[in-house]
Colleague: 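So that we are looking at the same thing, I have put the structure below in structure tokens.
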Amino acid sequence: MQIQISRAEHNDIVPWMSLAEQVIPLFGPMPDFEAILGRKIAQKQAYCARVSANGATLMGGVLIGGRGREHWIRWLAVSSEHRRLGVGRMLTETAISVIPANSSIYVDTFVGGSVGADASNHLYESCGFAPTEVWQVDELVRQRYVRPPSVYV
């Protein structure tokens, strides 16, 4: 199976919304996600993983953001049937490659002991991210990771 990463387009919104529904049990409610997704697509800050370049099957997606020397992986998800195939790594590496090398990159993910934590935390650590603070808002608890600027800039 060949995995292709490409910039998302507006006709990708329906499959992204299906993916978002699939990950609600992991991520929790995502109010206004469709509007956020539309904005990120317009800003060219949304990337899709597909079975092939012209394929209709959305395997996963990543949203990025930021400015100056601080950027974020805002959202990353892989469909349940495509997990453990390297899709998350490819999306993370794509995000890293399009963000300026002199930037710190942050991501908030699952805190240790929660469902999904082991896989996501291993992924980010293997891509050069290090854990920082744990934060909580109401019932939502997340682990923040940071990838420092490239030393080769």
Colleague: Should V23 and I13 be regarded as members of a common hydrophobic cluster, given that ILVMFWY residues are connected when their side-chain heavy atoms come within less than 4.5 Å of each other, either directly or indirectly?
Modeller: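 Same cluster: V23 reaches I13 through Ile, Leu, Val, Met, Phe, Trp or Tyr contacts under 4.5 Å.
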Colleague: With clusters defined by side-chain heavy atoms of hydrophobic residues (ILVMFWY) lying less than 4.5 Å apart, directly or transitively, does V146 cluster with W72?
Modeller: yes
Colleague: Rounded to the nearest 0.5 Å, what separates atom OG1 in T57 from atom CZ in R50?
Modeller: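 Interatomic distance, T57 OG1 to R50 CZ, rounded to 0.5 Å: 9.0 Å.
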Colleague: Could you see if L63 belongs to whatever hydrophobic cluster contains L26? Use Ile, Leu, Val, Met, Phe, Trp, Tyr and a side-chain cutoff under 4.5 Å.
Modeller: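 Yes, it is one cluster - the side chains of L63 and L26 are joined through contacts under 4.5 Å.
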Colleague: Using 0.5 Å steps for rounding, measure from the NE2 atom of H82 to the CZ atom of R84.
Modeller: 15.0 Å
Colleague: Tell me whether V98 shares a hydrophobic cluster with L91, the cluster being built from Ile, Leu, Val, Met, Phe, Trp, Tyr side chains joined at under 4.5 Å.
Modeller: yes
Colleague: Using the salt bridge (Lys or Arg N to Asp or Glu O under 4.0 Å) rule, pick out the option among R74, R142, R144 that qualifies with D108.
Modeller: R144
Colleague: Apply side chain to side chain contact (heavy atoms under 4.5 Å, CB included) to W75 and M30, showing your working.
Modeller: CA-CA 11 Å; W75 191 88; M30 296 176 277; 3.2 Å; yes
Colleague: Give me the atom names and distance for the closest heavy-atom approach of I41 to A8.
Modeller: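 Minimum heavy-atom separation between I41 and A8: CG2-O, 3.6 Å.
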Colleague: Please report the interatomic distance OG1(T92) to CG(L76), rounded to the nearest 0.5 Å.
Modeller: 5.0 Å
Colleague: Is the F27 ring parallel, tilted or perpendicular to the F110 ring (thresholds 30°, 60°)?
Modeller: tilted
Colleague: Does E125 use its side chain to pair, donor to acceptor, with the backbone of C127 at less than 3.5 Å?
Modeller: no
Colleague: What are the two closest non-hydrogen atoms of S103 and G68, and how far apart are they?
Modeller: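 Reported closest heavy-atom pair: OG-O, 3.5 Å.
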Colleague: What pair of heavy atoms forms the shortest contact from L85 to E81, and how long is it?
Modeller: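 That would be CD1-O, 4.4 Å.
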Colleague: Measuring from F33:CZ to L19:CG, what's the distance to the nearest 0.5 Å?
Modeller: 7.5 Å
Colleague: Near E93 CD, under 6.0 Å, is it more than 12 heavy atoms from other residues, nucleotides or ligands?
Modeller: yes
Colleague: Between S79 (side chain only) and M59 (backbone N and O only), is there a donor and an acceptor less than 3.5 Å apart?
Modeller: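 The answer is yes, because a donor-acceptor pair under 3.5 Å joins these two groups.
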Colleague: How long is the span from the CZ atom in R69 to the CG atom in N102, to the nearest 0.5 Å?
Modeller: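 R69 CZ to N102 CG: 5.0 Å, rounded to 0.5 Å.
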Colleague: Would you please test F129 and I73 for side chain to side chain contact (heavy atoms under 4.5 Å, CB included) and show each step?
Modeller: CA-CA 11 Å; F129 289 79; I73 293 177; 4.0 Å; yes
Colleague: Would V62 end up clustered with I3 when hydrophobic side chains under 4.5 Å apart are linked, directly or stepwise?
Modeller: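 They do share one cluster, since a chain of ILVMFWY contacts under 4.5 Å joins V62 to I3.
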Colleague: Of all the heavy-atom pairs spanning A49 and V87, show the shortest one and how long it is.
Modeller: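 Smallest interatomic distance, heavy atoms only, reads CB-CG1, 3.5 Å.
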Colleague: I need the I64 CD1 to Q45 CD distance, nearest 0.5 Å.
Modeller: 5.5 Å
Colleague: Strictly distance-based, threshold 3.5 Å: is any side-chain N or O of E34 a donor or acceptor partner for the main-chain N or O of M17?
Modeller: no
Colleague: Between S120 and Q143, does a side chain to side chain contact (heavy atoms under 4.5 Å, CB included) hold up when you go through it step by step?
Modeller: CA-CA 10 Å; S120 67; Q143 171 74 59; over 6 Å; no
